[in-house]
Amino acid sequence: MLSTSINFDFVKKNLQPIIKKIIDEERISEEEGVLLYMQAPLSLLGILANAIREKKNTDITYFNKNIHIEPTNICIFDCKFCSYSRKLSKKVEAWEYSIDEMVDQLKDYKGKEITEVHLVGGVHPKMGLHYFIELIKRIKEIRPDIHVKAFTAVELEYMCRKAKVSYKEGLQMLKDAGQDSLPGGGAEIFDTDIRNKICADKCDSQTWLKIHETAHSLNMPSNATMLYGHIEKPIHIIDHMNRLRELQDKTGGFNAFIPLKFRNKNNQMSHIDEATIISDMRIFSIARIYLDNFSHIKAYWPMIGKKSTQTLLSFGVNDIDGTIDDTTKIYSMAGAEDQNPTMSTDDIVKLIKDVGRIPVERDTTYNTIKKY
Ligand code: V47
Ligand code: SF4
């Protein structure tokens with residue numbers, strides 16, 4: 001049971017040493033992380049997370065101008081939480097775009113100011129490394145300026161295995177074609193028991209971490225995610241963040257951490273209630289506190305909703321992702337509020353300013369493009 005009320009004696013005895021460490025900018029241990037996450041009142045977590053956010057990022061809140069390209073939702077894997085994937089054998093509500101069709105999607109943005117393409121989809125048995133190398137080359141031919149953030153570690157593991165190349169060779173080939181970075185998807189929860197219950201058949205945690213480490217060694221930065229609010233326990237949350245903190249110490253290659261709230265419509269885990277906003281606030285706060293070597297904590301607004309995103313800007317979050325332009329289906333199919341997720345620059349700027357923060361348009365690697 002997570003704590004909901006404050007008791008000074010308890011705080012003094014158990015939490016005060018941890019709070020002192022945080023204020024003194026000392027790293028907290030895994031055990032301290034679990035204790036704080038489970039026992040600290042939300043208000044305390046919020047104060048600590050917000051103080052760290054403001055120290056690292058002031059009031060600045062980042063967003064970018066981006067679109068998604070989702071090559072297919074056909075997937076060989078069977079993640080229990082996924083509302084988006086379809087089997088090759090049952091093509092109802094399925095899509096598989098040709099390279100020309102995807103390039104045409106991008107051509108629609110000719111002259112528009114997008115700076116990033118987020119390229120992620122299901123793991124289609126017939127779309128492999130060479131297909132995607134060709135796609136990235138074609139994207140860069142028409143938009144050499146655009147940052148291509150592409151393929152989760154799950155997709156990369158499959159395409160390298162199928163092409164019989166090492167992760168390093170595969171990533172180098174994609175980089176040579178024009179891929180700039182990796183998104184954070186596929187991480188889910190690193191704990192083996194929980195992972196086996198929710199997504200047993202896709203790449204394991206060690207492989208996810210290895211692929212990101214390899215990308216970082218090739219100067220391809222990446223993001224990291226965590227799927228929360230299903231069957232995981234506090235110990236799994238901290239374990240997940242601990243593995244990321246360790247890798248970040250080693251490589252420094254992660255740009256942002258993105259907690260993803262489990263949405264429960266149209267999937268095999270629909271019987272599980274979604275997390276409350278209170279749990280959301282606790283998760284984002286502990287992420288900001290525990291991940292002391294991450295500069296950016298992102299609330300992905302199409303997944304968590306606009307109102308919650310505004311709230312989370314006071315609970316450690318300093319990035320809300322981008323304009324999207326109704327180009328992703330993964331969360332609308334899982335029941336998110338925004339069935340056609342899109343925000344104009346004016347909408348995003350207003351969303352951020354309305355809760356007293358400073359909107360800054362960034363590129364994918366957090367260089368400032370424009371301050372509003
Ligand atoms: O790995 C799938 C999640 C992820 C559901 O790096 C679900 O900037 C909640 O990683 N409820 C893919 N989550 C998306 C992703 C992402 C999104 C936006 C930005 C970035 C980035 C990365 O979506 C999957 C999985 O964890 N997911 N189904 C669901 N029902
Ligand atoms: Fe496939 Fe990704 Fe859905 Fe899992 S989450 S079934 S890997 S599309």
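The figures that follow rest on heavy atoms only: side chains count, while hydrogens, waters and symmetry mates do not.
Chaining together hydrophobic side chains whose heavy atoms lie under 4.5 Å apart leaves Val92 on its own. Side-chain heavy-atom separations under 4.5 angstrom define the hydrophobic clusters, and the remaining members of the one that includes Ile74 are Leu88. The hydrophobic cluster containing Val120, built from Ile/Leu/Val/Met/Phe/Trp/Tyr side-chain heavy atoms closer than 4.5 Å, comprises no other residue.
Under the rule for a ring-ring contact (aromatic ring centres under 6.0 Å, His included), the partners of Tyr62 that lie at least two apart in sequence or sit in another chain are His296, Tyr366. Checked against ring-ring contact (aromatic ring centres under 6.0 Å, His included), Phe284 has no partners two or more places apart in sequence or in another chain. Evaluation of the side-chain contact (heavy atoms from CB on, under 4.5 Å) rule for Glu337 yields Arg263 as partners, not counting sequence neighbours. Residues that satisfy the ring-ring contact (aromatic ring centres under 6.0 Å, His included) test with Trp208, not counting sequence neighbours, are Phe190, His212. Remark: Lys55 pairs with Glu25 by the salt bridge (charged side-chain N to carboxylate O under 4.0 Å, His left out) rule, at least two apart or across chains. With sequence neighbours left out, the salt bridge (charged side-chain N to carboxylate O under 4.0 Å, His left out) criterion links Glu93 to Arg86.
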Let me have the donor-acceptor pairs involving side chains of residues 106-113, under 3.5 Å, with sequence neighbours excluded, atom names and distances please.
| from | atom 1 | to | atom 2 | distance (Å) |
| --- | --- | --- | --- | --- |
| Tyr109 | OH | Asp325 | OD2 | 2.6 |
| Glu113 | OE1 | Lys65 | NZ | 2.7 |

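The salt bridge (charged side-chain N to carboxylate O under 4.0 Å, His left out) analysis of residues 306-323, with sequence neighbours excluded, yields the pairs Lys298-Asp321, Lys306-Asp338, Asp319-Arg362. Residue pairs meeting the salt bridge (charged side-chain N to carboxylate O under 4.0 Å, His left out) criterion with at least one partner in residues 28-51, sequence neighbours excluded, are Lys21-Glu32.
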